[in-house]
Amino acid sequence: MQRTTIIRKKMATLFILLLLTAVVGRPAGAATVTNGRDLLILYSNNVHGELEPCG
Amino acid sequence: MGGLSKKAYQLEKIRRETTLPVLTVDGGRLLFKSPLLAPAEAEEAKATALGIAEAYAIMGYDAVGIGANDLAAGPEFLAETVRRTGLVWLSANLTRRSTGAPLFPGYIVRQAGKLAVGIIGLTAADAASLPADQDVVIKPWREVLLPIVEKLSKECDLLILLTDNTQTENQLIAKEMPAVHLLIQAFPSGANLAPLQAGNTLLCQTAPQGKYLGWLQVDWQQSKSWGDNDTARRLEEKKQELDGVEARLGRFRERLAVERLNADPGYRELLAYRQKLNTEIQELAKNLNRQQTAGSAPATFKNSFIAMETSLPDEPRVRAVVEKTKQAISKIGNRQTVAPLPGPADAFIGWQACVGCHSTQASFWEKTRHATAYRTLETKSQQHNQACLPCHVTAGPGPENPSRPAASLLNLSSTLQVVGCEVCHGPSRAHVADPAAAPLPTRTVASDICQHCHTPDHDDNFDYAVDRGRIACPAGQPAGKSSR
């Protein structure tokens with residue numbers, strides 16, 4: 001019984017810690033830039049476009 | 001080149017092969033060729049536009065800017081494409097005239113890996129593109145853009161603007177909105193543009209007509225500013241140099257026995273140089289890491305353009321949309337009541353009438369691709385496509401009548417369903433009736449006649465000086481005339 005209570009208390013502490021990390025670590029509205037993150041942007045220009053070439 | 005099913009194939013292949021998060025965007029003006037639709041062309045143009053929107057939705061575009069031409073069938077039609085396809089159209093400045101309320105979302109925020117990316121749409125203020133009777137207005141960008149950019153700057157790591165404004169206008173936007181990091185422009189310029197840095201904004205554009213796909217790999221940094229990262233570049237150079245040194249050391253080892261290697265001055269010199277390079281590389285890597293941790297490293301990019309070659313496979317779902325749309329266009333073309341050719345339409349007589357007197361030239365012409373131009377449309381079920389027809393028949397718009405509606409070409413007689421003699425030499429009914437009284441209208445074909453169809457959009461390899469020589473009829477007197 002005592003052991004179960006200890007486990008429960010530990011789990012509750014862990015939950016609170018996780019919650020705090022989520023809230024304090026990333027304040028609302030703040031940008032999340034860390035270093036060197038790559039991104040691929042594919043862009044097109046279909047001006048005067050068509051479904052496919054005529055012939 | 002070009003074709004939506006080829007583009008879909010390339011997009012899918014790139015997404016499958018990369019480990020990076022991918023965003024796919026288009027600057028707009030993709031549905032219609034002009035800002036206003038002629039009534040006879042409207043139904044077919046709308047069917048094509050719906051097919052394009054459906055294909056874009058299947059291709060998984062994250063967002064598309066609303067360009068001025070995209071409003072040619074009215075904002076309701078554009079809203080209809082959203083309902084039917086789910087495509088994300090953006091415009092921050094397309095609003096109700098009466099209330100000032102936006103008609104479409106002005107921006108969206110997409111999470112790409114660890115980056116929150118804000119994407120804004122901006123429509124070029126082209127008054128001609130809006131029907132006067134509609135409750136719609138395109139506001140100047142200065143009236144709408146700043147608050148959106150300020151808001152998104154707080155929420156996002158990277159800001160992208162999609163617009164069909166001119167490059168000059170876009171450079172002004174870049175100057176006044178340095179928080180816009182990337183500007184994707186859609187404008188009918190003839191070529192791919194290497195990304196152009198204007199202040200802290202990178203201006204990107206591919207050639208029109210969907211012939212290319214722009215591929216931009218961004219290494220975004222906390223500094224949020226573009227620059228040439230000298231440390232990263234030098235590190236790369238030193239690494240390449242080290243590869244070369246290792247290769248030379250390998251050749252030494254192949255050539256000399258082990259006991260002679262260490263005595264060789266050249267080998268020892270190279271070993272010392274390798275040691276020096278390794279130290280420099282470690283130092284540069286440390287510096288780069290320090291810059292990145294401190295947030296002072298500039299963001300960098302690599303850009304390339306991928307051609308949509310006709311030899312590429314088709315993506316089946318988009319192929320099916322293209323086929324379905326072509327069938328819809330054919331149905332429209334078949335039941336359309338075709339107005340007679342306006343103006344000097346009956347001035348065209350057809351190529352068979354020329355053969356009697358000009359058999360040498362006719363035999364030559366029959367072997368050219370002009371003689372099969374209409375057949376190529378039939379092969380691809382495009383013979384009812386009003387965007388294609390004018391350049392595949394006799395009697396299409398030409399210097400003598402540049403504004404002839406394409407719908408009037410839908411049911412031409414078979415003798416005109418070909419790029420015949422009169423496309424180059426002019427309408428010749430009068431000449432056939434009385435050659436002495438009515439000389440051939442155009443004996444020497446000037447470049448403007450060819451360039452009516454062989455435009456950079458349609459034939460980017462066309463060279464008048466070379467190609468005219470390949471197509472010019474052989475000399476020869478008409479039958480029945482003496483050469484004396």
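Residue numbers begin at 1 in each chain, while the letters A, B, ... track the order of the sequences. This is a predicted model, so every value here is computed, not measured.
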[X] versus chain A, the contacting section by heavy-atom distance below 4.5 Å:
X: B:Leu20; value: side chain
X: B:Lys6; value: neither
X: B:Val117; value: side chain
X: B:Leu162; value: neither
X: B:Ile306; value: neither

Using 0.5 Å steps for rounding, measure from the [atom1] atom of [X] to the [atom2] atom of [Y].
X: A:Leu42; Y: B:Lys7; atom1: CG; atom2: NZ; value: 10.5 Å
X: B:Leu4; Y: A:Asn46; atom1: CG; atom2: CG; value: 6.0 Å
X: A:Leu40; Y: B:Ile14; atom1: CG; atom2: CD1; value: 7.0 Å
X: B:Trp215; Y: A:Ile41; atom1: CH2; atom2: CD1; value: 11.0 Å
X: B:Phe305; Y: A:Asn45; atom1: CZ; atom2: CG; value: 10.5 Å
X: A:Ser44; Y: B:Leu30; atom1: OG; atom2: CG; value: 7.5 Å

A quick test of your reading: do over 12 heavy atoms of other residues, nucleotides or ligands sit less than 6.0 Å from CZ of B:Arg369?
no

Can you find a pair of side-chain heavy atoms, one from A:Tyr43 and one from B:Asp26, that are under 4.5 Å apart?
no

Looking at side-chain heavy atoms only, is the closest gap between A:Cys54 and B:Lys380 below 4.5 Å?
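Answer no - side chains too far apart.
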
With a 4.5 Å cut-off on heavy-atom pairs, point out which of [options] contacts chain A the most.
options: B:Gly28, B:Gly27, B:Ala186; answer: B:Ala186
options: B:Thr379, B:Thr376, B:Val22, B:Leu158; answer: B:Val22
options: B:Thr24, B:Asp70, B:Leu11; answer: B:Thr24

Between A:Glu52 and B:Arg319, is there a side-chain N and carboxylate O pair less than 4.0 Å apart?
yes

Do the side chain of A:Arg37 and the main chain of B:Lys114 share a donor and acceptor less than 3.5 angstrom apart?
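Pair found, side chain donor or acceptor close to backbone of B:Lys114.
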
For B:Gln217 against A:Asp38, the heavy-atom pair lying closest together
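Closest heavy-atom pair between B:Gln217 and A:Asp38: NE2-OD2, 3.7 Å.
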
Checking A:Leu51 against B:Ile329 for the side-chain contact (heavy atoms from CB on, under 4.5 Å) test, could you report, in this order, the C-alpha distance in whole Å, the side-chain angles of both residues, the deciding distance, and whether it holds?
CA-CA 11 Å; A:Leu51 297 161; B:Ile329 290 168; 4.2 Å; yes

